[in-house]
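Working notes for the structure below.
Proteins come first, then strands; the chains are lettered A, B, ... in the order of their sequence lines, and each starts at number 1.
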Amino acid sequence: MVRTHVAKVLKDAQPGDTVKVGGWVRTRRDSKQGFSFVELNDGSCFSSIQVVVDADTPGYDSIKDVTTGSCVSINGEVKDSPGKGQRVELHATELVLHGTADGDTYPLQKKRHSFEFLREIAHLRPRTNTFGAITRVRNAASAAVHEFFQDRGFYYIQTPVITTSDCEGAGQMFSVTTLNLERIAEVQTKLDYAQDFFGKRAALTVSGQLEAEIFACGTGDCYTFGPTFRAENSNTTRHLAEFWMIEPEMPFYELTDNMDLAEKFVQHVINRVLERCAEDMEFFNLRIDKTVLETLRNITENEFIRLPYTEAVDILQKSGQKFEYPVEWGHDLQSEHERFLTEQHFKQPVILFDYPRTIKPFYMRCNDDGKTVRAMDVLVPRIGEIIGGSQREERLDVLESRMKECGLEPEEYWWYVDLRRYGTVPHSGFGLGFERLIQLMTGMQNIRDCIPFPRVPKSADF
RNA sequence: UCCCCGAUAGCUCAAUUGGUAGAGCGAGCGGCUGUUAACCGCUAGGUUCAUGGUUCGAGUCCAUGUCGGGGAGCCA
């Protein structure tokens, strides 16, 4: 008999149904009247199921070892629960103890643990309320991402994880090599990448954008959703060395179309998660961040503010706020400035656009004013920048001169330049950090708790 | 990488101007109970992050390192 997910039992099962469930014990409470309550969680939903095991039930002889963290499966009959706190409960007809968890050494206790501690036992943290809920939110959000784009006829493009293009200066890259570095270090001072696996220097991707543009300019609307790597020495609650990024790329989209899509996209994913993870979201709102549901409703029910960079500078300069860093046209906005705009001034998501060309990469489309480019950043309360995007420069001559201005050789990006040489098209796209979206939706403070296996400087355990 | 803070029992934290290292929770045992973060009693549990220094004496003061947290920069 195949086990039934606890989620299904709690939702659909009727008194009299016989089912088999399996999972990990959260707590056990014994009654001297000859039976025990076993709180069983299988990760299929936030709630555990209460199992009543009578002393004469086959398997009851092992009840002493049915401790927090142990794994059991139970055959039983669904009954209305006379106690408070659950609609139905399961009365066991057979209990099988698959794996014990010695209470002296099992690290998870029936109490709150700090997230710092749980990070040290990342192999066990999926068994906690919080990480079970995060897992389900991440899953529902992933599905919603694909849903959103598939419904609009976008193609899911798998861009390469290993790349040899020294891409766009989006950050330090992790090298990929098969050279025997320890051996080489003994005999020579320089590496000869011609001898390496790919015959040239290779690295993990920092972005799938340029490759996505290839498909946008060939088969049309597309998106990527995959891991991205940045070897930056960033030690913050919003950065990971390995994170998942969603990057749509669309031909015939101008910057305003790009903004429309970004706004609808964020709202769609949030709405789906609110629908499908209602119980988990209640938990986050109760235990993690008491404002998270309100924040999310604010995002889904209001249009995002659209504000040119130049006007943002004006607002900030006239705000009367004391900022640690001065606001000056031509400089990128600091975190404190972005947070002021989205958290205090507008109190809702803000899309900033038309940034100075000097602070943005080569591929962004130049405006006629000669000073700004068609870039956009989506800022949300608490997290700050969650999306960065732009209309891409589609004019061959402008792109080439911009590349030189940025110190890049157009020849090295010959295939990217070719897209403008042959059948060029106005197009746009953006990148969204998936973990930052998870952070926004769950209210979790630290992005390291929003990915199953976080990689940050000095830490890649598990 | 820079600034600030921290590291003491399995976990979360105390420990007075430097003077015998404690509590709550958890665990084990017992009691009670259709219980549900149960409750009551007892018991066990420590190289105070590492190395060096100051001192009669260091958890406490100093130096360096490691790791962790918060903030900044870089960005998504």
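- The side chain of A:K110 has B:G26 as its nearest neighbour among B:C74, B:U36, B:G26.
- Of the N and O atoms on the side chains of A:R29 and A:T27, at least one donor lies less than 3.5 Å from an acceptor on the other residue.
- Residue A:S335 has a polar side-chain atom (N or O) positioned under 4.0 Å from OP1 or OP2 of B:G73.
- A:R28 places a side-chain N or O within donor-acceptor distance of the main-chain N or O of A:I63, the cut-off being under 3.5 Å.
- Using C1' as the reference atom, B:U8 and B:G68 are 15 Å apart when rounded to the nearest Å.
- Distances shown here put a side-chain N or O of A:S31 below 4.0 Å from the OP1 or OP2 atom of B:G34.
- Note on A:Y106: nothing from the nucleic acid sits closer than 4.0 angstrom, heavy atoms only.
- Summarising the base pairing, B:U20 is matched to no nucleotide, lacking a Watson-Crick or G-U wobble pair whose two defining distances lie under 3.5 Å.
- The side chain of A:T236 has B:G73 as its nearest neighbour among B:A76, B:G73, B:C11.
- The side chain of A:R29 approaches B:U35 more closely than any other nucleotide in the set B:C11, B:U35, B:A72.
- For B:G68, neither phosphate oxygen OP1 nor OP2 lies less than 4.0 angstrom from any side-chain nitrogen or oxygen of A:R448.
- Set against B:U33, B:G68, B:C74, the side chain of A:E116 has B:G68 as its closest nucleotide.
- Between A:Q334 and the phosphate of B:A72, there is no side-chain N or O to OP1/OP2 separation shorter than 4.0 Å.
- Checking B:G34, B:A38, B:A76 against every side-chain atom of A:H91, the shortest atom distance belongs to B:G34.
- Between A:S114 and B:C11 there is no side-chain N or O to OP1 or OP2 distance below 4.0 Å.
- Here A:F37 does not pack flat against the base of B:G34, since the 5.5 angstrom centre distance and 30 degree tilt limits are not both met.
- Distances from the side chain of A:H113 to the nucleotides B:U1, B:C11, B:A76 place B:C11 closest.
- Side-chain N/O atoms of A:Q33 and base N/O atoms of B:U33 include no donor-acceptor pair closer than 3.5 Å.
- Contact check, A:R119 against B:G69: a side-chain N or O comes under 4.0 Å of OP1 or OP2.
- The pair A:E435-A:R138 meets the salt-bridge criterion, with a side-chain N (NZ, NE, NH1 or NH2) lying under 4.0 Å from an Asp/Glu carboxylate O.
- Between the side chains of A:S36 and A:Y60, at least one donor-acceptor pair of N or O atoms lies under 3.5 Å.
- Here the separation of B:A9 from B:C5, taken at their C1' atoms, is 23 Å to the nearest Å.
- A straight line from CD of A:E338 to P of B:C75 spans 11 Å, rounded to a whole angstrom.
- Pairing for B:U36 is absent, judged as Watson-Crick or G-U wobble with the two contacts each under 3.5 Å.
- For A:R26, no side-chain nitrogen or oxygen approaches OP1 or OP2 of B:A37 to under 4.0 Å.
- Closest approach to the A:D332 side chain among B:U36, B:U1, B:C75 is made by B:C75 (side chain taken as heavy atoms from C-beta onward).
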Worksheet item: Would A:K8 and A:D42 count as a salt bridge (Lys or Arg N to Asp or Glu O under 4.0 Å) if you check the C-alpha gap in whole Å, the side-chain angles of each, and the deciding distance to 0.1 Å?
Response: CA-CA 11 Å; A:K8 187 163 176 53; A:D42 69 353; over 6 Å; no
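- In this model, a donor atom of one side chain and an acceptor atom of the other lie less than 3.5 Å apart for A:Q86 and A:S81.
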Item to complete: Determine, stepwise, if the pair A:Q172 / A:N233 fulfils side chain to side chain contact (heavy atoms under 4.5 Å, CB included).
Response: CA-CA 9 Å; A:Q172 285 292 109; A:N233 192 6; over 6 Å; no
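- For B:C2, the paired base is B:G71 (Watson-Crick or G-U wobble, both distances below 3.5 Å).
- Side chain of A:R230, nearest nucleotide from B:U33, B:G24, B:C75: B:C75.
- If you check B:G10, B:G34, B:U1 against the side chain of A:N233, the one that comes closest is B:U1.
- Distances shorter than 4.0 Å separate some side-chain N or O of A:N446 from OP1 or OP2 on B:G70.
- Heavy atoms of A:T237 sit under 4.0 angstrom from primed sugar atoms or phosphate atoms, though from no base atom.
- If you check every strand for non-hydrogen atoms under 4.0 Å, A:L437 touches nothing.
- Judged by distance alone, with hydrogens and angles left aside, A:E232 brings no side-chain donor or acceptor close enough to the base of B:G73 to form a pair under 3.5 Å.
- In this structure, of B:G34, B:G10, B:U1, it is B:U1 that holds the atom nearest to the side chain of A:N235.
- When heavy atoms are screened at a 4.0 angstrom cut-off, A:Q439 is found touching no nucleic acid atom at all.
- Pairing for B:G41 is with B:C29, a Watson-Crick or G-U wobble pair whose two hydrogen-bonding atom distances lie under 3.5 Å.
- When the P atom is compared between B:G19 and B:C61, the two are found 11 Å apart, to the nearest whole Å.
- In a base pair of the Watson-Crick type (N1 to N3 plus N6-O4 or O6-N4) or a G-U wobble (N1-O2 and O6-N3), with each distance short of 3.5 Å, B:G52 is matched with B:C62.
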